Amino acid sequence: MLRLIFLGPPGAGKGTQAERLSAIYRTPKISTGDLLRAEVKAQTPLGQQAKVYMDAGELVPDEVLIGMVKSRLQQLPEQGWILDGFPRTLAQAEALEELLRELGQDYDHVLNLEVPDEVVVARLLARGKEQGRSDDADEAVILKRLQVYRQQTAPLIDFYEAKGRLRRINGNQPMEVVQQHLQTLLEGCRRTA
Ligand code: ADP
């Protein structure tokens, strides 16, 4: 059983790699961006609230995300999970530690996908054209998300490094190569475990 956390800037490839590992290791993926977009599409009150933040490139309030992830983790005791897009703030990371303590669960690794800023901006602009995601269409919103990432999410690298749980992966390589590195890392750790 696998429990993983993906970290990295927007456009680092967290969603793509989380999806691939989810299929290979038959482990449910929890993507907070996808969950929020589904709420927006269904025009739920939560979705209507979240859309304002997402369109501005801001983070949706911590309470909303913590509640969302909590209810899902409570339902997945045996299958494990792959978190994509959560935690994104120190408050979320602390809440996750506490929740996992309550549930008697632990994560195996925190996978940090490293990609330079200019590569991320180019990828997000391309995704905006292909997928019509409104938060990817506007360069100002992309730059805002990067700024939010640096201020609020990047400190999580030190948080998990201090716990000795961080694994760094070069995300500036073809998707297949990144996937291969991730699999090697996961399987190497299993064999020695
Ligand atoms: P990105 O490619 O920017 O990483 P995501 O699909 O993960 O995109 O997230 C899209 C948007 O959803 C974010 O810009 C943010 O507004 C909101 N969001 C997703 N996850 C979280 C979270 N853990 N905390 C707060 N907001 C979040």
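Both counts, for ligands and for their atoms, begin at 1 and track the order of listing. Residue numbers count from 1 along this sequence. This one's a predicted model, so the numbers in the text were calculated from it and none came from an experiment.
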(request) Have a look at Q92, Q152, K144, R145 and point out the one with the heavy atom closest to atom 24 (N) of ligand 1. (result) Q92

(request) Specify the protein heavy atom at minimum distance from atom 16 (O) of ligand 1: its residue, its atom name, and the distance to 0.1 Å. (result) E58 O, 2.7 Å

(message) Using modelled atom types and a 3.5 Å cut-off, is there a donor and acceptor pairing between side-chain atoms of T27 and backbone atoms of G80?
(response) no

(request) May I ask which of R88, K51, M54, M68 has a heavy atom nearer to atom 5 (P) of ligand 1 than the others do? (result) R88

(message) Quick test of your reading of the structure: of V40, T32, V60, whose heavy atom lies closest to atom 26 (N) of ligand 1?
(response) V60

(request) From atom 8 (O) of ligand 1, work out which of K14, R133, R123 has a heavy atom at the shortest distance. (result) R133

(request) Salt-bridge test for R167 and E161: reply yes if a basic N is under 4.0 Å from a carboxylate O, no otherwise. (result) no

(message) Give me the atom names and distance for the closest heavy-atom approach of A93 to P87.
(response) N-CB, 3.5 Å

(message) Looking at R26 and Q79, would you say the former's side chain and the latter's main chain have a donor-acceptor pair under 3.5 Å?
(response) no

(request) Give a yes or no answer on whether the side chain of T153 reaches the backbone of T89 with a donor-acceptor pair at less than 3.5 Å. (result) no

(message) Suppose we measure from atom 23 (N) of ligand 1 to each protein heavy atom; which comes out shortest, and what is that distance?
(response) G85 O, 2.8 Å

(request) Determine whether the side chain, the backbone, both or neither of R37 has a heavy atom under 4.0 Å from any heavy atom of ligand 1. (result) side chain

(request) Mark yes or no for whether K14, through its side chain, and G8, through its backbone, hold a donor-acceptor pair below 3.5 Å. (result) yes

(request) For atom 17 (C) of ligand 1, grab the closest protein heavy atom and report residue, atom and distance to one decimal in Å. (result) L36 CD1, 3.5 Å

(request) Using a strict cut-off of 4.0 Å, indicate which atoms of ligand 1 neighbour a heavy atom of P10. (result) 1 (P), 2 (O), 3 (O), 4 (O)

(request) Check whether any side-chain N or O of Q17 sits under 3.5 Å from a backbone N or O of M175 as a donor-acceptor pair, and report yes or no. (result) yes

(message) Starting from atom 2 (O) of ligand 1, what is the nearest protein heavy atom, named by residue and atom, and what distance separates them?
(response) R127 NH2, 2.7 Å

(request) Have a look at ligand 1 and work out which part of L59, if any, has a heavy atom under 4.0 Å from it: side chain, backbone, both or neither. (result) both

(message) As an exercise, identify every atom of ligand 1 less than 4.0 angstrom from a heavy atom of G11.
(response) 2 (O)

(request) Check whether any side-chain N or O of R123 sits under 3.5 Å from a backbone N or O of G11 as a donor-acceptor pair, and report yes or no. (result) yes

